[in-house]
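As the structure is a computational prediction, the values presented were derived from the model and not from experiment. Chain letters run A, B, ... following the sequence lines, proteins first, then strands; residues in each count from 1.
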Amino acid sequence: MYKIVRKKELNPTVTLMDIEAPLIAKKAEPGQFIIFRAFEDSERVPLTIADFDREKGTVTIIFQIVGGATMELNSLNEGDSLHDFVGPLGKPSETEGLKKVAVVGGGVGCAIAYPIAKKLHNMGCEVHSIVGFRNKDLVILEDEFKAVSSKLCMMTDDGSYGTKGLVTNALEELIKDGNQYDEVIAIGPVIMMKFVCLLTKKYDIKTIVSMNPIMIDGTGMCGGCRLTVGGETKFACVDGPDFDGHLVDFDEAMHRGTMYRDFETHAREASCNLLNKEVK
Amino acid sequence: MAITRNMDPKKCPMPVQDPMERRNNFDEVALGYTYEMAVNEAKRCLNCKNKPCRSACPVQIDIPAFIERVANEDMEGAYKIISQSSSLPAVCGRVCPQEKQCESKCVRGIKGESVGIGRLERFVADWHREHCTEKPEMPVSNGHKVAIIGAGPSGLTAAGDLAKLGYKVTVYEALHLAGGVLVYGIPEFRLPKMIVQKEIDNLKAIGVDIETNMVIGKVLTIDELFEMGNEAVYIGSGAGLPRFMNIPGESLKGVYSANEYLTRINLMKAYKEGSKTPIKHSKKVAVVGGGNVAMDAARSAKRMGAETVYIVYRRGMEELPARKEEVEHAEEEGIIFKTLTNPVEVLGDDSGEVCGMKCVEMELGEPDASGRRRPVVKEGSEFVLDVDTMIMAIGTSPNPLIRSTTPGLETNSRGCIVTDGDNGLTTREGVYAGGDAVTGAATVILAMGAGKAAAKAIDEYIKGKK
């Protein structure tokens, strides 16, 4: 069993958990993911690894409560155990030789961007972090990013915190200021990654994105996570989840991501109703 | 005891659920022989001296011997004979392509129908499960450890054989449930999961450890398995990435690989009311391919409520690689066979959903390298099949996770693990492999046969080291 040793609410919709999984903690690298199931009858859901502690044997996950499965996960508390926790899956992010990188995180995607920023910082790379949230209440990991970045741009859609605007505004300004990045790493909603890539293509800066499509097994069996990269079919679970953002067909990925939207809405409502009943 | 032979040229038919009823449920289609039927059918066996059926069995079950026990109504005796050779008799009795193996060599088949060997095997295994409360005996330990990768038919067979020889066997399974294709691929209506679970419980009872959620190549490498004290490793990791056709439109919503579609339904139980796993509830479905997986996907789609389900296959009915019984069952359930047809494009609507499949008609030309007549496109035959879902069941290519993390493990140009002859030895000492990881997509029984051969080779290898 995979015990929850720490649970922390980062904002009203985003939760952090440290999970006891020593074998995974020993092997995990930034960019890789795990698949969890809260209960015996739960869906399998992939989550990118947010951090890990090889000595304590824990893996940190940060998740947004968006559907039935994440609601179930959030219903568990410290001391409880997850039914299944498997990983580390996917290829680690490539960081070798990078000297100066802009790390762009959007919303809960910051949870995935952070371990990469940390790794880059620890290896002596100069990190500029640009993080974007809808509003002040949704900001996560600000101190963590500060600790590993020589520059941190905090953006909110409504201007309630940091600078009002999109991550692309801040990134373009940094580029125009003469910052020469070896690479931009963008992790967040597909639409954000798409626009970051459109921008960096203009300036011809290599850009890596982390894709998080629908998948079941996560080991290269179901093919549900396929995307088109440079005109070829790729599987996010074994070929990714990191890809060259200038080659990814984002529009197709967005379409595929909506495959079960109705079902998800229904499941979420059903879960809410169940929780409400329990409360009553 | 002298047996009065039953000289009926036809084999006793298998009682089945009515097609009109069964196409609406996931209960098992074939209901199994009654006791009387089994005894009667067993009496059709001539108990030939040279046992041609046995040599056509990938795991070499002593078929005439077990059938003789059935004829003598010694069901437990029959079970003991089968279980000497097969770790999963209740499974094989249901999913083996007997008409291409044991039954194809049956002497009774020359002037009539062969003995229903598969049906009798199933009966014996089911009888044992329902009547025997005796726990399997724990073998005496020989002090050696072996690791097995993949809890599918191949890995479980190797595990069973090695455990019986006294080895401490640990099976590592990537999914959350053991069984491999028996639980994620083959549907409930063809192989009830309770039966698979029971077979797995039997292995656990003889000391086999099964560790789920363990993706070897990621969480542990093969080298680490050796460091942990295992003296040999068997790779039975199965089929891998689903193949697509590389035609336009394959990324539209409503295009599934058969692996994904079946995994959602079987492993994740999307067929059950209130399941948390989403699946498209399709009206008109085209399944591309002609193997057992294609039949399973098509028949599952029907049961999930689809009104029209097509099998689209580029060769003819004669060339369908599926088990004959599956094709017949599919036809009875109203699956429409569009043979000599090949898709060229998937059509989508404004919201990115599948709304049709553009196909061409094919005709069979000269035989190709495989000896089968090569399908060629009929000029000007393009037409659109009105479907909202397309399921690709055209095979898989081996999983890259193990080969990319195991130095010295040679694979061929298709990514299949290279092994030496019949014993499954790879290019790494102490590492054996078998099943789909070696052959590419094949059958349960061939994977079991490979597991069996490798278990024997592993035993000889470890004993030879001393």
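- Remark: side-chain polar atoms of Asn213(B) are not paired, donor with acceptor, to backbone N or O of Asp84(A) under 3.5 angstrom.
- Put simply, CD1 on Ile35(A) and CG on Leu175(B) are 9.0 Å apart, with the number rounded to the nearest 0.5 Å.
- At a 4.5 Å heavy-atom cutoff, Tyr261(B) makes no contact with chain A through either its backbone or its side chain.
- Interface remark: Leu401(B) contributes side-chain atoms only to the contact with chain A (heavy atom separation under 4.5 Å).
- Heavy atoms of Arg37(A) lying under 4.5 Å from chain B belong exclusively to its side chain.
- Remark: side-chain polar atoms of Lys27(A) are paired, donor with acceptor, to backbone N or O of Val219(B) under 3.5 angstrom.
- In terms of heavy-atom pairs under 4.5 angstrom with chain B, the leader among Pro88(A), Gly224(A), Ala28(A) is Pro88(A).
- The main-chain N or O of Glu250(B) is found under 3.5 Å from a side-chain atom of Arg226(A) such that the two form a donor-acceptor pair.
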(message) Run Asp41(A) and Lys269(B) through salt bridge (charged side-chain N to carboxylate O under 4.0 Å, His left out) and show every step you take.
(response) CA-CA 9 Å; Asp41(A) 63 345; Lys269(B) 309 280 176 230; over 6 Å; no
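- A donor-acceptor pair is defined here as one N or O able to donate and one able to accept, closer than 3.5 Å; such a pair exists between the side chain of Lys218(B) and the backbone of Gly90(A).
- The closest side-chain heavy-atom distance from Thr263(B) to Asp217(A) is not below 4.5 Å.
- Note on Thr212(B), Val215(B), Leu267(B), Thr396(B): by heavy-atom pairs under 4.5 Å with chain A, the leading option is Val215(B).
- Contact of Ser275(B) with chain A is made through the backbone alone, with heavy-atom distances under 4.5 Å.
- In this structure, the side chains of Glu72(A) and Lys276(B) come closer than 4.5 Å at one or more pairs of heavy atoms.
- Of the listed residues (Pro400(B), Gly238(B), Ser351(B)), the one with the most heavy-atom contacts under 4.5 Å to chain A is Ser351(B).
- Side chain to side chain, Glu43(A) and Thr277(B) fail the donor-acceptor criterion of an N or O pair below 3.5 Å.
- Heavy-atom pairs under 4.5 Å with chain B were tallied for Tyr2(A), Phe85(A), Phe235(A); the largest tally goes to Phe235(A).
- Heavy-atom pairs under 4.5 Å with chain A peak, among Val255(B), Leu177(B), Leu252(B), Leu262(B), at Val255(B).
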(request) Begin with the C-alpha distance, continue with both residues' side-chain angles, and end with the deciding distance and a verdict on side chain to side chain contact (heavy atoms under 4.5 Å, CB included) for Leu241(B) and Met221(A). (result) CA-CA 5 Å; Leu241(B) 302 166; Met221(A) 192 264 283; over 6 Å; no
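- A distance-only check finds no donor-acceptor pair linking the side chain of Arg256(A) to the backbone of Lys253(B) [under 3.5 Å].
- At a 4.5 Å heavy-atom cutoff, the contact between Thr228(A) and chain B is made by side-chain atoms alone.
- When Pro242(B), Gly352(B), Ser257(B), Gly240(B) are compared by the number of non-hydrogen pairs under 4.5 Å with chain A, Pro242(B) comes out ahead.
- Heavy-atom pairs under 4.5 Å with chain A peak, among Lys272(B), Met268(B), Arg264(B), at Arg264(B).
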